[in-house]
Amino acid sequence: MRSFIVFTLLLSLSTGVFAQDTLPLPNFDSLFTTINLDNIVVTAQYAPTDSRSSVFPVSIISKETIELRGASNLGELLGQELNISLNEDGVFGTNPSIQGMGGENVLILLDGIPMVGRQNGEIDLNQIPMDNIIRIERIDGPMSAIYGNNAQAGVINIISKKSQVEPFEFDLNTQVETIGILNSSGRVGGQLGKSFIQGAGRYFSFDGHSDTTSRSAFWRPKTQLGGDFLFSHDFGKERTLLYKLQYLDQEIADLGDMRRPQFLPYAFDTYYNTKKLDNFLIFNGEVLNKHYLDFTAGYSTLKRETDALQYYIEEDSIKTIAQDTSFIRAFTNRAVIASQYGGKIEFRAGYHLNYEAIKSENLFDAQLNRNQFAAIGDYSVFGTLQYRPLSKLVLESAVRFTYNTGYKAPITPSFHVKYELSKPLILRASYGRGFRAPSVDELYFEFRDVGHPVILGNSALKAETSHNWRTQLSYKQNLNKSHTLGFDVALFFSSFTNKIDLAQIVNTNTYTYQNFQDTLNFGVNLLGNYSWKDFSVNAGLSVTATNNDLPDLSTDKPTYAARITMNQVVKYHWRKAKLHFSLFSKEYFRQTWYYQDDGDNGAVTKGFVDPYVLMDFTANKRFWKDRISLTIGVHNILNVSKINSEGPVAIHSSEDGYTDVHWGRSFFGKIGIHWTAGKSKENF
């Protein structure tokens, strides 16, 4: 297996950042119908821009890749991406880390609006479905000056379908997987003159999975019910106003093992129910002659219920042990106006308002005598100035001024440089100062649950600050009509002060948030792509090192712990048969680090996770003038599930001695129907 990985790495020099998609895309957004969809990006741009022209290194996951991966949610999709590591937790879900920085430093956007509902400081990627998503844009590196809190490691922008060309469209998709997954979704869209109306619904269920016959399982049963409604109107001159309403209802069942099996057996069960309602208002387009306005506003409510029950198995009856209901309200408003002069100097200015409040019986802070309610506001103004002294050189500086209701926020500047060394070779470099105030959960929330560790908030937390550098060299060359070669080499370095993380209290089963004085992350990414006609291979290598910041770490132990991953994507398009074959693979090398052992009076102990490889294969076929799409595949071909490990990997991870990384091999099939009616007014 490793020989195959090394071969593909050497063959392609190592990413698929420049890969072009060839799959027909009937679900594209009509905003970009006259230009190459694969290259246009909107995240952190002055206006929709070709990715090669962007001062930021933007990675794109296309609609084709989303379809071929057979991923039901964002967590499954990002699992094969280079420079992203996923942390699996049976209760908190799937959380990402970029460049060694956790999900609390990764800003997740939906159509440019920050997502709410963080728990344990992070967004559960499993709550974000991939139905009705046309692309995902990702920027690794410092983005705090432009996006503020939670953007020190980077930004992931999920872009949903918001318009169409045909007068009427209907989509129906159903995916089943042998592990016990059913994922069904439907969408109806209508173009009424210059207005567009869309409605969509989704149902997802997962039976859960355990390697034993016990009731308890690390992979908990889960159901999701969701839907959204969208209305947009085109005012001409590329000006569009859009309103979107989105709903999610999710339940996770954490079933306990049977107790006292000989006499009136019972079990402790916990159910987690999340109901979320999002309202979005978006306006963008040309204003005031040669200026582009991007206005977004969002209001979200989230209700999170936890019911701890004692279930009497023979009697089929329950007794309530504990209940908790948390209510979260969040408001965000961002407006950016950018010049479009087309000269050497361009500017961008805007404001960004964020307010989040939570009410819960598990909020408590004795020092402040506060319980049941807490809120944090974050209000910023920012601006950027872009200067192009030469046709091949772009310089951009940004600065952000923030008022945070709980913490004194520093001025956060950033600097970005893009230089076109030659037509195929581009150099990008950036520096950004980061700031992250603790979330309400990290400050005040007390997580107490039957059978799980206790997590205590810490109102004495200090805010995180950081300095982040990143340099990237990108190359893309069409060698001739049939051959294309591309590669990226990226170096990054981050220095944190007062980094917030969970730490276990010695000799207890309790965790609390703490500040770690000095934390360093640095590393390198090598990515490359080679394509020949309808065949392409992408491969990458990522090395991320983090310092072992422990108070009594002796000099005979290494200062840094490294995480090394490699990924490969091999695709072949058999055009005559309208068949796509794809192989996705990601290898995790053995990882070691040092931690304080709670069972040995806090002694420094070596931890590790053994190496493993996750590999998927898919085949996609289109029928009936591309109206029907059939995808079949295998997830986790090598049947990886439990990996030998030592030390704390996740708070709700498996028992000592191993870590759950996947539920094992599974087969899936997906059928999609796309139907259009009426005559399009567009001419392609």
Side-chain angles (χ1 to χ4, degrees), residues 1-21 57-62 64-71 74-88 94 96-100 106 125 130 136-140 153-154 156 472 474 485-492 523-531 535-545 562-572 580-591 609-618 633-638 640 643 661-662:
M1 176 54 59
R2 184 164 298 183
S3 62
F4 166 77
I5 295 171
V6 173
F7 170 76
T8 55
L9 179 66
L10 294 176
L11 176 65
S12 62
L13 303 180
S14 50
T15 186
V17 170
F18 301 120
Q20 297 296 307
D21 300 321
V58 185
S59 303
I60 301 171
I61 304 177
S62 67
E64 174 202 348
T65 299
I66 295 172
E67 181 174 350
L68 293 179
R69 280 282 291 118
L74 185 60
E76 293 181 10
L77 181 68
L78 295 181
Q80 292 285 358
E81 292 295 301
L82 195 69
N83 203 31
I84 291 184
S85 296
L86 301 181
N87 302 310
E88 301 286 356
T94 300
S97 64
I98 296 179
Q99 298 184 173
V106 179
L125 301 183
M130 289 296 95
I136 293 173
E137 298 176 0
R138 185 178 110 229
I139 301 177
D140 296 351
I156 298 174
Q472 181 168 319
S474 303
L485 178 67
F487 69 83
D488 276 3
V489 179
L491 303 173
F492 56 88
V524 58
N525 294 328
L526 305 174
L527 311 106
N529 163 259
Y530 170 75
S531 64
F535 171 81
S536 68
V537 56
N538 311 293
L541 170 69
S542 176
V543 181
T544 302
R563 162 163 267 189
I564 303 174
T565 60
M566 297 176 65
N567 78 331
Q568 303 79 36
V569 179
V570 180
K571 295 181 182 179
Y572 176 68
H580 280 76
F581 300 99
S582 303
L583 181 69
F584 303 87
S585 177
K586 188 168 184 179
E587 178 176 11
Y588 295 81
F589 288 66
R590 180 182 172 93
Q591 183 185 13
V609 176
D610 273 352
Y612 59 95
V613 178
L614 297 177
M615 181 180 293
D616 301 339
F617 173 80
T618 65
V634 186
H635 285 151
N636 194 357
I637 295 174
L638 302 181
V640 176
I643 302 299
V661 298
H662 203 278

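If you read the sequence from its start, that first residue is 1, and numbering goes on from there.
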Working to the nearest 0.5 angstrom, can you tell me the gap between [X] [atom1] and [Y] [atom2]?
X      : Y      : atom1 : atom2 : result
Leu638 : Leu614 : CG    : CG    : 8.0 Å
Leu491 : Asn525 : CG    : CG    : 9.0 Å
Ile139 : Ile156 : CD1   : CD1   : 11.0 Å
Leu541 : Glu587 : CG    : CD    : 10.0 Å
Thr94  : Leu125 : OG1   : CG    : 6.5 Å
Phe492 : Gln472 : CZ    : CD    : 11.0 Å

Test log, rule side-chain contact (heavy atoms from CB on, under 4.5 Å), inputs Asn83 and Gln99: CA-CA 6 Å; Asn83 203 31; Gln99 298 184 173; 3.3 Å; yes
Do you know which two heavy atoms are closest between [X] and [Y], and how far apart they sit?
X      : Y      : value
Pro96  : Leu86  : CA-CD2, 4.1 Å
Ser585 : Gln80  : C-OE1, 3.2 Å
Ser582 : Lys571 : OG-CG, 3.7 Å
Val640 : Val613 : CG2-O, 3.2 Å
Glu76  : Ala71  : OE1-CA, 3.5 Å
His635 : Gly70  : CE1-O, 3.4 Å

ask   = Just checking, Arg69 and Phe584: is the charged tip under 6.0 Å from the six-membered ring centre and within 45° of the axis?
value =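 Output yes; distance and angle both within limits.
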message = Does Ser542 form a side-chain contact (heavy atoms from CB on, under 4.5 Å) with Thr544? I'd like the steps, not just the answer.
response = CA-CA 7 Å; Ser542 176; Thr544 302; 4.0 Å; yes
Is the shortest heavy-atom distance from the side chain of [X] to the side chain of [Y] under 4.5 Å?
X      : Y     : value
Ile61  : Leu77 : yes
Met130 : Leu74 : yes
His580 : Glu67 : no

**Prompt:** Can you list the residues that meet the side chain to side chain donor-acceptor pair (under 3.5 Å) rule with Glu137, with sequence neighbours excluded?
**Reply:**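 Partners of Glu137 under the side chain to side chain donor-acceptor pair (under 3.5 Å) test: Thr43, Arg135.
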Q) Okay, side chain of Thr618, backbone of Leu68: is any donor-acceptor separation there less than 3.5 Å? A) yes
### Query
Where the side chain of Asp488 meets the backbone of Leu527, is there a donor-acceptor pair that is under 3.5 Å apart?
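A pair under 3.5 Å: no.
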Please evaluate residues Val58 and Arg138 with respect to the criterion side-chain contact (heavy atoms from CB on, under 4.5 Å), reporting the C-alpha separation (whole Å), side-chain torsions for both, the decisive distance (0.1 Å), and the verdict. CA-CA 6 Å; Val58 185; Arg138 185 178 110 229; over 6 Å; no
- request: Please report the C-alpha distance between Phe589 and Thr565 in whole Å, then the side-chain angles of each, then the deciding distance to 0.1 Å, and finally whether the side-chain contact (heavy atoms from CB on, under 4.5 Å) criterion is met.
  value: CA-CA 6 Å; Phe589 288 66; Thr565 60; 5.8 Å; no
*Report yes if the distance between the aromatic ring centroids of Phe535 and Tyr572 is under 6.0 Å, otherwise no.*
no
- Task: Inspect the contact between Glu81 and Lys586 and indicate whether a charged nitrogen and a carboxylate oxygen are less than 4.0 angstrom apart.
- Result: no
